Amino acid sequence: MTYFVVEMAGPRTLIEDAGRRGWAHLGISGCGAWDRRAYQQGARLVGNTAGLGCLEVLLGPIRLKCVGGPVLLAVTGADAQVDLNGSPRPSGRGFLVTDGQTVTVGVPATGLRSYVSITGGISATPTFASVSADPTRGMGPASLKTGDILPIGDGLAGVIATEPVDVAPASQELVLHGVWGPRDDWFTSAGQRSLEETTWRVGEASDRVGTRLVGPSLERAVTGELTSEPVVRGAIQVPTSGVPLIFGPDHPTTGGYPVIGVIDPDDADRLAQARAGVVVRFAMSHSDV
Amino acid sequence: MRLLPAGRTAVLVELDDAGQRRRLHHALSDHPADGTVDLVPAQTTVLIQVESADLLPGAVAHIQDLLSGGLDAVEERAREPIPVSVRYDGLDLSDVAELLEVTTDELVKRHTDQLWTVEFAGFMPGFGYMSGSDWPYRIPRRSSPRTRIPPGSIALADGFTGAYPQASPGGWQIIGTTDAKLWDEKADPPALLLPGAVITFEAVTS
């Protein structure tokens, strides 16, 4: 049996997979790896087929010691330095780790979240068919701490992708594409224009529940209260302050503030790497619905 | 009734009232659109989220089909009420009674006389928003929310009764406490207050 011992856990390292689906009607959020593209790239590099567990490392550094093996490991997402027994290994490419070796993932130069994928997946007790941590609701595995043992599962291995993944520096400026609605008509046309014309910045108080933006207040056309309604990942919700936030993977399943628009799934992935201060602009279009 | 866009993979259907919403939710539970990942009801809305953007037009056509057939033909399911015991000892009980200009005994009587329907869940896993069969009151939230509402609290806000499966901050007015197991993530179903379930509250003293 192969497992990893956590020698250094980092400020917040979570076990995440492809997330929980089909439970939102009971108030259970989707969760899962926020940067799904990086998660899927990592899974391909180590040959993981299904939605197996990986580590989502927020701003490193972490150190893991391998017991057993050899096993294939890959780091994707934010461009952190990766070392095997102190020697650099390229990010975005699988490499073998054998008994007694240590892997470190450093603090990324840009971006926020690195993903550590291992063939077979990191195993944990599933909750609602997923091993994803949901720290907001206290569901799923706890955030990693020193001394933890991470058993590697025997999840079905498939084809290993040998083409390296490009781990580019995270962008300091994001254009988020999305569609208006469901409640764009709760804002004046000046308020709607302001969403697209403002140079927003990512605020400090952002987390997996949502990315809080810094900028002006959007002018409302309807001032009454909205009855709680279902919300999705990527929803641009406008609370009483008028300053929008964008829901991440741990968002509540219903909300009582109007959602002016919803950003596209790929752009929601890119938000996972947006540090405080990163510039955000919106490019919205109308849906056919 | 309106269909509102909710991103590339979801559509929000807004109905005229909770009854119509319940019927559409039933119809879509029995006949889901192809590729449905999540079907989420709220008070007068239902969200349908599909696997990928290319499945959304099909889902929209499916919903329009159901709606054109007329929701009035969809029967609301009759459910056996689930009794939940409550100690009406909440910190806000007398304040709420005063607000409604009734005695606390009358408030408890009104609360226990209702058939409560779980309209939807949200806020936290297993938290149910329940509406009464004959409950005329709309209760304002507390002007300053509490930092901790204890688990098992039965509380009021707007036209709803809610029940807190876990401790949480919140602004609802607490009228009582239950020992009922509201949430058990190992059970199937994990929530007592499933959307559509009918609840009656019974006053107990200890």
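All values reported here derive from a predicted model rather than from experimental measurement. The chains referred to below are lettered A, B, ... by the order of the sequence lines, with proteins before strands, and numbering in each begins at 1. Just the heavy atoms: all of them, side chains too, but no hydrogens, waters or symmetry mates, feed the values below.
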- Which of the residues A/V231, A/V232, A/T253 is involved in the greatest number of heavy-atom pairs with chain B at under 4.5 angstrom? A/V232
- Query: In residues 184-192 of chain B, which residues are in contact with chain A at a heavy-atom separation under 4.5 Å?
  - Reply: B/E185, B/P190, B/A191
- Query: What part of B/E51 lies closer than 4.5 angstrom to a heavy atom of chain A: side chain, backbone, both or neither?
  - Reply: side chain
- Any chance you could lay out the salt bridge (Lys or Arg N to Asp or Glu O under 4.0 Å) test for B/E14 and A/R183, step after step, and finish with the verdict? CA-CA 11 Å; B/E14 184 179 55; A/R183 299 293 172 190; 2.9 Å; yes
- Toward chain B, the part of A/T125 with a non-hydrogen atom under 4.5 Å: neither
- Cationic N near anionic O, under 4.0 Å, A/D185 to B/R2: yes
- Heavy-atom neighbours of B/E106 CD exceed 12 at 6.0 Å: yes
- Message: Tell me whether the count of non-hydrogen atoms from other residues, nucleotides or ligands lying under 6.0 Å of CZ in A/R21 goes above 12.
- Response: no
- Message: Only pairs of heavy atoms separated by less than 4.5 Å count here; which of A/G22, A/G255, A/G181 has the most with chain B?
- Response: A/G22
- Task: Measure the CZ-OG distance between A/R137 and B/S168 for me, rounded to the nearest 0.5 Å.
- Result: 11.0 Å
- Message: Take a 6.0 Å sphere around CD of B/E202 and say whether it holds more than 12 heavy atoms from other residues, nucleotides or ligands.
- Response: yes
- Specify the closest pair of heavy atoms between B/G7 and A/V179, including all atoms of both residues, with the distance to one decimal. CA-CG2, 3.4 Å
- Item | Side chain, backbone, both or neither of B/L193 within contact of chain A (heavy atoms, under 4.5 Å) | neither
- Message: Could you tell me if the side chain of A/S228 sits less than 4.5 Å from the side chain of B/F120, heavy atoms only?
- Response: yes
- Taking non-hydrogen atoms and a cut-off under 4.5 angstrom, which of residues 32-46 of chain B neighbour chain A? B/V37, B/D38, B/L39, B/V40, B/P41, B/A42, B/Q43, B/T45
- So, the part of A/T227 with a heavy atom under 4.5 Å from chain B: the answer is side chain
- Message: So for atom CZ, which belongs to B/R146, do other residues, nucleotides or ligands contribute more than 12 heavy atoms lying within a distance under 6.0 Å?
- Response: yes
- Task: Answer yes or no: are there more than 12 heavy-atom neighbours, outside A/Y257 itself, under 6.0 Å from its atom OH?
- Result: no
- Region of B/F123 in contact with chain A, defined by heavy-atom distances below 4.5 Å: backbone
- Message: Rounded at 0.5 Å granularity, tell me how far CG in A/D267 sits from CZ in B/R8.
- Response: 9.5 Å
